[in-house]
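In what follows, a structure is listed as structure tokens, so that the remarks can point back to it.
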Amino acid sequence: MINFNEIEAKWQKAWTDAKIFESEVSDSKSFMVFGAFPYTNGLLHVGHFKSYVTPEILARYKRMRGFNVLFPMGFHATGTPILGVVKKLKSRDRETVEEFTNKYHIPEQEFQKFEDPLYLANYFVGKFEESYKKFGLSLDFRRRFVTIEPIFSKFIEWQFGKLKENGYLIQGKHPVGWCFNENNAVGMDDILHGIAPEIEDQIAIKFKVDGEDAYVLCATYRPETLPGLTNIFIKENATYALCKINGSKEGYYISRAAAEILKHQMKIEVVKDVDYKDMLNKVCISPIDGRKVPVLPGFFVKENIGTGIVMSVPAHAPFDYAALERLKQNGIKVPEPIKIIDVEIGSKLGNANSAQSKPVHIDIPALAYLEILNKDFNSAEDDLELATKLAYKEESHYGKMTAKGYEGMSEPEAREKIGKLLEEQGNAIKIYVLQNAPLFCRCGTEVVINLVDNQWFINYGDENWKKAAREELSEMLVLPGKSAKAVQDAVDWLNLRAVARSQGLGTRFPYDKNYMIESLSDSTIYPAFYTIVNLIRDTEPDRLKPEFFDYVFLAKGNIDDVSKVTGISYETIKKCKESFEYWYTTTTNCTAPEHIFSHIPMYLFNHCAIFDKKYWAKGLGINGMLLMEGEKMSKSLGNVVPIEEAISKYGVDPIRMNMAASSELYSDANFSVAAINGIQERLSYIQDAILNVDTLDANELKQIDYWLYSKLNKKIRDATPFMDIMETRDAYMQIFYNSILELKHYLARGGKNGIVVKDYLSAVSLMLQPIAPHCAEEFWHALGNTTFAAKEKWPEANEQMINEKVEKQEDMLDAIIGDAKQAIALMERKSGKKVKEIKIIIAENWKRDINNMLATEKNAGKVYEKIKESNELDKQAAADYVRRLSKKLNEVKEVNLTQEDEITILDEAKEYLQKSIGCKIVIESESTSKSERAKRSMPMKPSLDAIF
RNA sequence: GCAGGGGUGGCAGAGUUUGGCCAAAUGCGGCGGGCUUAGGACCCGUUUCCUUUGUGGAUGCGAGAGUUCAAAUCUCUCCCCCUGCACCA
């Protein structure tokens, strides 16, 4: 078995010493590829490497194809996660302490240092780099940077200056989950149990109160049901309030609790509290038809959701219907439902939605949906909820409006029309609701929605900008092709992006220093920074003025002025510009599917907003994640394997091969110890084969030698296109797994030509280089070479050496062996006697003619005609034969071997056949054979007769 | 709800663009056998059902319907699963 760790250390040192991955501007064609930023709030595990394997293979492959390759990496540390870790560490959170001690091996006395977020980030960055080196990645480490470095911040400030200049930074209101105790925006990480706030916008409709200069506000998702309004519901025993909203003259009735929640979205001034009993005495007027409706108590109304008041549409809302029926039962006079949507109740729901009974009251859909479920107005709230869902689903998908003015419209159409109408008339207010309320901040305070004023946005909705991004995408190569559609949709979908954050690490927002730049927005054009970071590493950050970046990235201004203004040397500025312009014309971004609706469109938009078209994004590779033995990796499952541990246990190359060969580009790969063991053994098999090459001789080439050359060249020809589109799995099926099988077949067939085997192994070793670089170097050198495999050329296929005829002949042999074994087993089982000999009976040449006729004509009739005309053929036998073949006409292939050819081939391979089949072999022709089975023989498929 | 991806044999996963050579590649697992002191190594066979000295038959690729001489593949309807939806990176 190969000692993987030993050869890893050896070759990693050799590559580093030779500096072969440090890329400089040169005359060769450039190629730049990079993987997604890893996030630095913990240690690397094997999963992190999956996303770097694809760009790594591409980088190594492209070098072999003659490109000058830049493969850099940087680290992401902006945003809140690192602060989160620090916070937990400070409070000595048990889990975090455990992680630091047991997993990261950091002694407790050092914890204090890690309470500084920068220290923590840098510590892990250092660890990451060590791991990357141990993984043998062909990265140019001189270009490493972290997104919280001052020089990077200068770059980001420049970027935002450009966005501002172009008018892409705008300000506006933005709803966000908020904790008023800490006075902070809260996201998933800040909320108890890690739940993300779900914010939805609703419309609050104003209902004039008869005889008062005041309105009742009802929040609703379905304004289109307004024509079906019969009354207003409030909650019994709740306190209501008369308010002025945004300094209005008129008053608004909402619940006291709602006033508390909504005051962060609008200015609310409570004039007086109102008892619910007073509310019940009011009469409200519908804004669209002027109908007067009563206010009634609804058992299901929640005072702290929406406005604490809802409109009632009993014909279509099961809750409303149930509430009215319950009131009726208590002798209260209630209005009759008004049906406004026509729908075939239950027709589209299918069995899965547990529709059980036929509805009777189809004139009241709300009741009908309860009937379907065998429920009624007294049923539990869960059942009413289910009926509501069914009603909503079917009515909005298949229903047609019957209400006057909206006849025939679908519900969504009507919703939009009525919503727009109400807003235009000033009869509705937009409000935001926390869909999954109540949520609590980790500090214990309830989370509410705060409508933040003057939030900064990047306006990705800008039509001209979007047009440019679409153009950029259309000219970009997206791999795999099937993900292109999703990227397209993401570009179309991206709209306003809130870009200023109240907390987190990173770069301060240049136009309001109280805020930080949001952490995805500072990682969009970062790859451009790779092209210069090694040149400005020691530059004073303050010197990196906009003029410098303008000149380097946009060729604005002249070098002498820039040098004077910034104090950066002429030489450095010149080199930076050259480097950017050289590398940035071909970039391939390898990233994960989860970035399709976030990072990827932003990456595209920012490139076309800032750079000249020449430097827009060129390539995108979307690669899947890593599963652990078929399961998702997660802390809770305890199946996260630290990378160092994996490397020392299994070796780098087997891990890399497992990652690259166990899945296609887009799908998740599976880390599997069984698969890794298989890889280790196969690599060792190749090594053994290489060490044994010298024991072989170098005689004249035989059929099996041509066969191996044919397989090799076909392999090169077929695997190369897969490498070009990053389908490493398909490529390495051929390069790796099939090579083992071919070598084994070659040796079993008696192949023993040292030169042939060496040619074969040399090419295979080189093709293994991108994926298993350490083994490839080892093999390459063991084969007597002194150059680096990493610097060699990718093998070229020699089409002349591809020999279909020889391959078919070998296939024939294997088929014969298989058939013979099967026949022997069968016969022995049946007769109880041992088979002594197998007769292989070769078909006559006239059968070949018929095969060829059928293969070209694909029509049995025509062939019968020809047989009739023929003088040479035995007409009866020929017709029988055609009949047999015609059953599977499509399988009949042209035959290019004569009977004599076949006999010669089988004779040559007789020894192999005898050994494989395990008994004596006799070869005879159909016409001379005395066997009954002789006439069953077919070209390339001889008849077999077992002799006892 | 909206958007994207998907549903294939015990499992994983090809095949779908361009319908036929597809009982369906490949890998894993199971079973049987060989090699062996032994084997988790390797080799051979088998792994829907029936039948069997076969270029045999039936059923079959989420469900249903349709187009066709012919459907995993095309059309329509339905069901289900995964992912994302913005102070998360």
B/A89 base / A/Ser598 side chain donor-acceptor hit below 3.5 Å: yes
From B/A86, B/C87, B/A14, nucleotide with atom closest to A/Arg497 side chain: B/A86
Ionic contact status for A/Glu837 with A/Lys839, cut-off 4.0 Å: yes
Sugar-phosphate only, base, or nothing, as touched by A/Glu594 at under 4.0 Å among non-hydrogen atoms: nothing
Per A/Arg729 side chain, nearest of listed nucleotides B/G4, B/C87, B/A25: B/A25
Gap between atoms CD and C1', on A/Glu416 and B/C2 respectively (whole Å): 14 Å
A/Met733 side-chain proximity, nearest of B/U26, B/A89, B/C87: B/U26
Whole-Å P distance, B/A24 and B/G56: 11 Å
Candidate nucleotides B/C87, B/A41, B/G4, ranked by approach to the side chain of A/Phe597 - the nearest: B/G4
Listed partners of A/Tyr52 passing ring-ring contact (aromatic ring centres under 6.0 Å, His included), at least two apart: A/Tyr132
Atom pairs and distances, donor-acceptor, side-chain atoms in residues 736-744 of chain A, under 3.5 Å, two or more places apart:
residue	atom	partner	partner atom	Å
A/Ser739	OG	A/Lys715	NZ	3.0
A/Ser739	OG	A/Ile735	O	2.5
A/Glu742	OE1	A/Lys715	NZ	2.8
A/Glu742	OE1	A/Tyr760	OH	2.6
A/Glu742	OE2	A/Lys715	NZ	3.4

Separation of B/A86 P from A/Gln455 CD (nearest whole Å): 14 Å
Sugar-phosphate, base or nothing in reach of A/His599, heavy atoms under 4.0 Å: nothing
Pairwise P distance, B/G60 and B/A65 [rounded to whole Å]: 11 Å
Touch class at under 4.0 angstrom, heavy-atom based, for A/Ile596 against every strand present: nothing
Ring-ring centroid check A/Phe509 A/Trp456, cutoff 6.0 Å: yes
Of A/Tyr737 and A/Val186, the one whose closest RNA chain B nucleotide lies more 5': A/Tyr737
Contact under 4.0 Å: A/His595 side-chain N or O vs B/A89 OP1/OP2: no
Nucleotide nearest A/Thr80 (side chain, heavy atoms from C-beta), chosen from B/G84, B/A41, B/A89: B/A89
C1' gap between B/A71 and B/U8, integer Å: 14 Å
Touch class at under 4.0 angstrom, heavy-atom based, for A/Ala500 against every strand present: base
Ranges pairing with ranges for RNA chain B, where each run has three or more Watson-Crick or G-U pairs under 3.5 Å: B:1-7 with B:79-85, B:10-12 with B:26-28, B:29-34 with B:42-47, B:48-50 with B:56-58, B:62-66 with B:74-78
Least distance between heavy atoms, A/Ala843 atom then A/Ser937 atom: CA-OG, 3.3 Å
Selected nucleotide, minimal atom distance to A/Asn495 side chain, candidates B/A86, B/A89, B/A3: B/A86
side-chain hydrogen bond (donor to acceptor under 3.5 Å, both in side chains) partners for A/Arg470, two or more places apart: A/Asp492
Qualifying residues under side-chain hydrogen bond (donor to acceptor under 3.5 Å, both in side chains), relative to A/Tyr460, sequence neighbours excluded: A/Asn606
Set of side-chain hydrogen bond (donor to acceptor under 3.5 Å, both in side chains) partners for A/Thr507, sequence neighbours left out: A/Ser153
Closest to the A/Trp493 side chain, choosing from B/G4, B/C85, B/A41: B/C85
Value in whole Å for how far the C1' atom of B/U26 lies from CG of A/Asn738: 9 Å
Nucleotide nearest A/Glu681 when distance is taken to its side chain, options B/A41, B/C87, B/A89: B/A41
Under 4.0 angstrom between A/Lys744 side-chain N/O and B/C42 OP1 or OP2: no
